[in-house]
Amino acid sequence: MSASPLTAASPRGAGVVLPQRVRGAARAIVARLGVSGIAAALLLVFLTVVAVFAPDIRPQDPDLVQLGSTFAGPSSAHWLGTDQSGRDVFSRLIVGARPALLGPLLVVVLATVIGSILAIASAWAGGIIDGIVGRTLDLLFAFPAILLAILAVAVLGASLLAAVIAVGIAYIPYVARVVRSEAVRQRTLPYIAACEAQGQSPARICARHLLPNLLPLIIAQATVSFGYAMIDLSALSFLGFGVQAPAADWGEMVAAGEPGILLHAPVESISASFMIVITVLAFTVLGERLGAPAGRRV
Amino acid sequence: MSEMLAIQQLRVELPSADGWRAVVADATLRIGSGEAVGLVGESGSGKSMCARAAMRILPDRARVTGTITFDGESVLDMGARRLRSYCGEEVAMIFQDPSVHLNPIRTVGDFLTEALRDRGVAKHVAYERAGSLLSQVLIADPARVLSSYPHQLSGGMQQRVMIAGALAGEPRLLLADEPTTALDVTTQAEVLAIVDRLRRERGLAMLFISHDLELAAAVCDRTVVMYAGRTVEEQPSTALHRDPVHPYTVGLLASRPHIAARQPRLDVLPGRPLAAYEAPPGCPFAPRCAHVQDACREQVPPLQEFGDGAVACRRAAELHPSRVTERVDA
Amino acid sequence: MARLLAMRLVGAAVTLFVTSFVVYGALFLAPGSPINFLVGPQSATPAMIRRLRAEYHLNEPFLQQWLHWLGGVLHGNLGYSIVEHSSVLGLIGPRLGTTLLLIAYAGILTIGFGVLVGTVGGLRPGKVDAALTTFTSVGLGVPQYIAGVVLITFFGVAWGLFPTYGSGSGFGDDLYHLTLPAIALAISGAAYVSRLTRAAVREEKAKEHVITARARGIAPRSILRRHVLRNAAIPVITVSGLTVAGLIAGTVVVETAFGINGVGALLVQSVQESDFPTVQAITLLMVAGFVLVNTAVDVAYLALDPRIRARQGAGR
């Protein structure tokens with residue numbers, strides 16, 4: 001019997017630089033992410049670097065008030081002009097990257113950790129516990145994130161922390177729902193039954209077997225959630241309930257720049273809006289390429 | 001017997017990331033009026049695609065070449081209007097898995113009367129006809145079933161509804177695409193019996209597609225065997241079973257376990273079945289054939305008349321000398 | 001069917017119940033005593049304190065206080081705002097019309113555009129679909145307040161096509177003023193609806209029962225209407241409903257961005273003024289609206305999809 005042409009090895013040219021495994025992994029990542037995914041990932045890496053090194057990168061003092069030149073247009077001195085208090089918009093934009101990225105990060109960590117634990121435990125336990133957790137999360141679903149955050153801010157005072165905690169809690173049911181349905185599906189697969197037959201404890205099975213299989217979905221979902229957390233948190237800053245002035249934050253800058261719009265100097269609002277939109281898009285695109293389900297939290 | 005459906009050198013290609021892929025490479029078959037023909041092959045052999053091509057219900061992106069004629073009229077050239085009367089009134093099809101082939105949010109009655117109501121038949125008349133159709137497929141309580149949704153019915157009932165739907169337009173040819181594969185064995189027998197009876201009562205021609213040689217033989221006068229998107233053999237069913245010619249058919253029949261005999265190992269064909277686009281140049285069965293020669297790998301053997309049927313094997317005459325002179329006495 | 005309906009309604013009622021508990025209870029999470037919190041930055045006269053004590057039944061156990069408040073709400077008494085010296089209902093009432101109009105306007109835009117774009121994209125693969133998909137992807141990433149700001153900048157100030165602030169007078173003028181805000185509110189929702197509509201139409205079009213209909217010689221128009229669109233309508237209606245529910249909370253930012261004197265803007269104002277009774281009332285109202293729309297969608301879903309009735313009858 002002749003060898004099938006399907007199994008014949010295809011010749012490759014010389015010049016292999018990286019070891020086989022790394023090349024294979026890199027190729028897999030490129031295939032998975034696609035052009036848009038890679039562009040998104042690069043953008044996010046760039047923004048993270050900017051945020052981390054912000055105090056060293058920014059050309060001017062973001063808090064320097066110069067009341068003589070408020071709402072000035074772009075110039076060689078101020079690349080994106082100045083804001084209502086004459087502060088350099090470009091520098092504020094750079095420095096504003098920190099809270100703009102940190103806030104959603106905290107939200108996502110909070111919601112993902114708690115949501116995943118609840119989801120896995122609930123999917124594993126099944127029965128009444130699953131029902132109770134499900135009902136409780138259903139109740140939490142009734143609260144749009146912004147409203148919960150506004151309530152929290154009304155009670156605890158405006159601060160980034162209050163906003164983060166409230167939004168984080170509001171996102172738990174969305175994470176939990178996605179993770180739970182996959183966990184439930186995985187639970188019924190033979191490999192779990194095999195572990196149980198070996199006498200492994202539920203905690204061990206969940207941690208060592210179930211969780212790693214859920215991790216890609218959790219990460220993809222977290223990536224997308226990052227984008228939505230950014231939308232909600234920046235909206236809160238826009239309302240004055242998140243990051244407080246004089247600290248720079250993109251959402252706050254959109255609001256602060258509104259008077260400038262009427263004066264035909266919209267650069268502050270527009271540039272801050274632009275940063276928010278492309279960051280959110282990058283997270284959404286990356287998350288979808290990583291395999292997040294297409295559902296969006298409304 | 002007049003020829004009703006004739007498929008000649010049919011080729012069906014689907015677009016893919018790597019270009020056009022053939023799922024049917026070269027299929028030829030004929031069905032005479034009132035005749036039951038079995039079309040047998042493994043998954044990927046292209047048998048389902050042939051039937052769908054005959055009804056022009058392939059995916060829109062498919063590329064079809066070759067000839068398909070019905071009563072002499074070219075099916076592939078039919079205009080939209082003619083096609084709509086052709087489908088349903090001249091040719092009808094029943095599918096493998098009725099649960100996905102029935103619209104889940106519409107009642108059975110809606111399904112059965114849809115085509116009629118579109119043609120202007122009054123609603124109550126259409127429903128009456130639907131009810132009588134259900135009785136003909138041996139459904140005991142037509143009124144209840146008419147107002148039921150598909151998910152409320154068992155697989156066997158759903159398939160009967162599908163059969164009723166196919167017969168509603170009073171077609172002359174029935175294409176049955178593995179109608180019993182998705183059913184359990186007992187139901188299979190029931191449904192087959194219904195199809196067979198109705199066919200004989202109405203003098204319908206039928207193309208019965210299956211991966212099960214024996215099932216096809218039980219119901220059909222002639223059997224056509226397909227492999228890798230090509231017709232490889234065609235014979236009267238009894239002759240095919242008694243003395244298969246093409247090495248593939250021989251292998252298929254030989255690999256059946258015998259109920260009486262004890263076998264330490266089953267005789268299987270080495271290798272695996274191919275889809276048309278995976279086939280190497282030359283005879284598609286060459287990689288697995290016990291009688292392969294170099295000439296086989298170079299050129300595809302044409303389907304040639306042999307005995308009472310046809311076979312696509314270069315060595316057919318050589319391997320079955322006694323059949324060459326066989327003829328059916330007029 | 002009736003049982004499922006009742007279950008949905010009971011579920012909604014329970015949710016509202018618990019929500020009111022959370023909203024009311026939040027008061028007690030505040031630092032300092034509730035009285036100080038309620039009075040806020042004002043100076044409190046003994047009469048005021050007595051009145052607050054009575055209003056909020058602060059001498060009684062928490063549960064009873066909550067029930068009093070809830071009872072009041074159900075009777076139309078939403079509390080009294082010390083800051084504004086008015087009943088909360090009196091503050092919300094005049095503004096409710098504007099906000100409801102805004103939500104309705106945005107809802108029509110969301111569903112209208114979303115379903116239209118999604119259906120076209122789903123039925124016509126190729127360049128048209130690719131272009132629409134790119135558009136909707138961007139639309140998904142634009143927060144409502146940013147959409148508002150951008151619209152103000154270009155359509156309002158730069159090109160002067162629409163008014164940028166306020167809500168106008170008279171119905172026609174109202175609509176004119178609310179156009180940009182409604183668009184801002186609708187953009188991301190419409191993008192989402194169109195995405196899902198496209199997916200639903202695509203999915204239905206590829207379903208086997210559509211092939212069955214083709215094989216029976218049914219006219220393409222009928223197939224499209226009865227088998228593709230009608231089937232796709234189920235998830236589309238669900239998504240539309242949920243998206244409209246999301247518009248409610250969106251009014252908060254959009255009204256603020258456009259300077260519209262609606263309920264959303266009032267919420268922001270009340271937080272800034274520490275006018276907690278108003279905050280409570282509006283939050284509860286908005287959540288109630290959200291829950292009601294969601295429940296309506298749930299019920300509609302039950303009515304539209306016969307499989308759900310069978311499946312749900314057997315439990316989740």
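The chains referred to below are lettered A, B, ... by the order of the sequence lines, with proteins before strands, and numbering in each begins at 1.
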**OP:** Step through the shown structure and confirm whether more than 12 heavy atoms of other residues, nucleotides or ligands are within 6.0 Å of CG on A/L42.
**Re:** yes
If you round to the nearest 0.5 Å, how far is [atom2] of [Y] from [atom1] of [X]?
X	Y	atom1	atom2	result
A/I150	C/L267	CD1	CG	4.5 Å
C/T153	A/H264	OG1	NE2	10.5 Å
C/T251	A/I146	OG1	CD1	9.5 Å
A/S269	C/I146	OG	CD1	9.5 Å

By a 4.5 Å heavy-atom criterion (distance strictly below it), what part of [X] contacts chain A: side chain, backbone, both, or neither?
X	value
C/A257	both
C/S270	neither
C/V18	side chain
C/L16	neither
C/V279	side chain
C/V23	both
C/V291	side chain

Out of [options], return the one with the most heavy atom pairs under 4.5 angstrom to chain C.
options	answer
A/L147, A/L148, A/I278	A/L147
A/A255, A/A152, A/G157, A/A142	A/A142
A/T284, A/I270, A/V153	A/I270

Is the shortest heavy-atom distance from the side chain of [X] to the side chain of [Y] under 4.5 Å?
X	Y	result
A/E258	C/I152	yes
A/I276	C/P143	yes
C/T15	A/F141	no

**OP:** Return yes if a side-chain donor-acceptor contact under 3.5 Å exists between A/S273 and C/Y145, otherwise no.
**Re:** no
**OP:** Could you tell me which of C/V268, C/T19, C/T256, C/I282 has the largest number of non-hydrogen atom pairs under 4.5 Å with chain A?
**Re:** C/V268
Original post:
With chain A, which of C/T283, C/V149, C/V14, C/V142 has the greatest number of heavy-atom pairs at distances under 4.5 Å?
Top reply: C/V149
Subject >> Residue A/T279 versus chain C: region with a heavy atom under 4.5 Å >> reply: neither
Original post:
Contact part of A/L239 toward chain C, heavy-atom cut-off under 4.5 Å: side chain, backbone, both or neither?
Top reply: both
Original post:
What pair of heavy atoms forms the shortest contact from C/S137 to A/L281, and how long is it?
Top reply: O-CD2, 3.2 Å
Subject >> For the student: nearest non-hydrogen atoms of C/V253 and A/A235, plus distance >> reply: CG1-CB, 3.9 Å
